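Structure, as structure tokens:
Computed from a predicted model, the values in this text were never measured in an experiment.
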Amino acid sequence: MQGLLEDALWKQPPGRELVGSVVVAGRTDAGVHADRQVVHVDAVPLAAGDRHRLEVDEHGVPDLTRLCGRWNRILPGDVRVLRAEVAPAGFDARFAAMRRHYRYLVSDAPWGVDPLRRRDTLAWNRPLDVRRLKLASNDLVGLHDFAAFCKQREGATTVRQLQLFEWERVDRHLLEATLSADAFCHSMVRSLVGSVLMSGDSRRGTEWPAEMLREGSKTSAVAPAHGLTLTGVDYPPDDQLTERVRTTRARRSL
């Protein structure tokens with residue numbers, strides 16, 4: 001998605017020379033969906049000629065609603081810019097975020113997934129027990145080192161605060177997991193979900209995910225990408241953005 005947005009920005013005024021690269025709130029694995037992604041882009045101040053072309057207002061701000069329409073005509077049908085605005089001072093789509101919210105959909109129907117949901121729902125070939133799913137998830141919530149559930153990067157911390165991990169059966173054969181954290185490591189959500197699903201169908205005990213968490217042993221139970229959707233990103237008030245960026249950039253430990 002990032003490359004597609006950059007291409008659309010560069011093809012419209014003010015163009016490649018005045019627009020920097022896109023910074024996203026959360027980089028998702030290939031195949032993961034996002035319906036509330038947040039991005040920011042740094043732009044060089046407009047010259048007089050560019051101001052005329054973009055029909056800027058008295059503050060030098062172009063008509064962003066019109067630009068959204070131009071960008072969406074370039075973007076493929078599965079990527080859309082819903083809204084654009086001038087960011088407040090200190091805003092950073094990635095480092096200013098306070099928390100991110102994800103949803104994972106699973107079908108335990110014996111016949112698989114409703115054909116209309118096949119692109120965003122995982123087919124699980126065993127019956128799932130919501131009570132067991134909840135028990136397995138409960139001990140994962142909190143501030144922990146999630147090394148067992150992350151693809152580690154050299155020099156990066158795997159300490160995160162998982163604030164919410166809940167399950168609900170929203171239809172006869174459809175289950176929804178909701179997860180929120182101050183940040184997620186690479187593949188962390190998919191690993192958490194995949195491990196808890198093994199407990200939910202009784203192939204593992206409900207204490208198994210928490211045992212892996214404590215031991216730091218890497219899980220191989222990673223749920224497929226297509227069932228996962230980024231559903232929201234929260235930011236602090238404008239006057240707290242700079243401090244939030246500073247806090248996020250600091251390396252955390254337990």
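Each of V193, V141, L140 was scored for a side-chain contact (heavy atoms from CB on, under 4.5 Å) with L179, with one residue passing: V193.
Of the possible donor and acceptor atoms, none in the side chain of T219 sits under 3.5 Å from a partner among the backbone N and O of F149. Remark: side-chain polar atoms of R190 are paired, donor with acceptor, to backbone N or O of A223 under 3.5 angstrom. Not a single donor-acceptor pair under 3.5 Å links the side chain of E166 to the backbone N or O of K134. At distances below 3.5 Å, at least one donor-acceptor pair connects side-chain atoms of S199 with backbone N or O atoms of G205. A distance-only check finds a donor-acceptor pair linking the side chain of Y235 to the backbone of A93 [under 3.5 Å]. With R249 contributing its side chain and R246 its backbone, the two residues share no donor-acceptor pair below 3.5 Å. Put simply, the side chain of R160 never gets that close to the backbone of D145: no donor and acceptor are under 3.5 Å apart. Remark: side-chain polar atoms of R100 are paired, donor with acceptor, to backbone N or O of A25 under 3.5 angstrom.
Using a 4.5 Å cut-off between side-chain heavy atoms of Ile, Leu, Val, Met, Phe, Trp and Tyr, with links allowed through other members, L164 and L143 fall into different hydrophobic clusters. If you chain together hydrophobic residues whose side chains sit under 4.5 Å apart, L64 and V39 fall into the same group. The hydrophobic cluster containing L230 does not contain L105, counting ILVMFWY residues as joined when their side-chain heavy atoms lie under 4.5 angstrom apart, directly or transitively. Following chains of ILVMFWY side-chain contacts shorter than 4.5 Å, one can reach V22 starting from L67, so the two form part of one hydrophobic cluster. Clustering ILVMFWY residues whenever any of their side-chain heavy atoms sit less than 4.5 angstrom apart, transitively, puts L174 in a cluster other than the one holding L128.
Side-chain contact between D182 and Q163: present, with at least one pair of heavy atoms (C-beta onward) separated by less than 4.5 Å. Proximity of L122 to L197: side-chain heavy atoms (C-beta onward) are separated by under 4.5 Å at one or more points. Using a 4.5 Å heavy-atom threshold, the side chains of R203 and R126 count as touching. Side-chain contact check for D234 versus H101: some heavy-atom pair is nearer than 4.5 Å. In this structure the side chain of D35 reaches within 4.5 angstrom of the side chain of R103, judged on heavy atoms.
When every heavy atom of T157 is checked against every heavy atom of C185, the shortest pair comes out as O-SG, 4.3 Å. Of all heavy-atom pairs between G90 and T242, the closest is CA-OG1, 4.1 Å. Between C150 and M188, the closest heavy-atom pair is SG-CB, 4.0 Å. The shortest heavy-atom contact between S180 and L162 is O-CD1, 3.5 Å. When all heavy atoms of A181 and F184 are compared, the pair lying nearest together is CB-CZ, 3.4 Å. Among all heavy-atom pairs drawn from R80 and G77, the shortest one is NH2-CA, 4.1 Å.
In this structure, CG on L75 lies 9.5 Å from NZ on K11, to the nearest 0.5 angstrom. Expressed to the nearest 0.5 Å, how far OG1 of T158 lies from NE2 of H144 amounts to 12.5 Å. One distance of note links OH of Y104 with CG of L192; it measures 12.0 Å at 0.5 Å rounding. For the atom pair CG of D120 and CG of D114, the computed distance is 10.0 Å after rounding to the nearest 0.5 Å. Separating the OG atom in S107 from the CZ atom in R118 is a distance of 14.0 Å, to the nearest 0.5 Å. With values rounded to the nearest 0.5 angstrom, R204 atom CZ is found 5.5 Å from M198 atom CE.
By the 4.0 Å N-to-carboxylate-O rule, R169 lies close enough to D108 to be salt-bridged with it.
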TODO: Please assess I74 against R70 for the test side chain to side chain contact (heavy atoms under 4.5 Å, CB included), listing each intermediate value before the final yes or no.
DONE: CA-CA 7 Å; I74 296 172; R70 292 177 176 178; 5.9 Å; no
Task: Criterion side chain to side chain contact (heavy atoms under 4.5 Å, CB included) on D139 and E207, from CA distance to verdict - done: CA-CA 8 Å; D139 290 340; E207 72 286 347; 5.9 Å; no
TODO: Check step by step if side chain to side chain contact (heavy atoms under 4.5 Å, CB included) holds for T231 and T178.
DONE: CA-CA 9 Å; T231 59; T178 52; over 6 Å; no
Open item on the list: For W208 and S195: C-alpha separation, side-chain torsions, deciding distance, then whether side chain to side chain contact (heavy atoms under 4.5 Å, CB included) applies.
Closed with: CA-CA 8 Å; W208 181 62; S195 300; 4.0 Å; yes
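Counting non-hydrogen atoms of neighbouring residues, nucleotides and ligands closer than 6.0 angstrom, the CZ atom of R119 reaches no more than 12 such neighbours.
A perpendicular orientation is assigned to the rings of W111 and H173, their planes being inclined by more than 60° (bins at 30° and 60°). In this pair, F165 and W167 present their aromatic rings tilted. The plane angle is within the 30 to 60° band.
Applying the ring-ring contact (aromatic ring centres under 6.0 Å, His included) rule to H226 yields no partners; only residues at least two apart in sequence or on another chain are considered.
Side-chain contact of H33 with D78: a donor-acceptor pair under 3.5 Å is absent, judged by distance alone.
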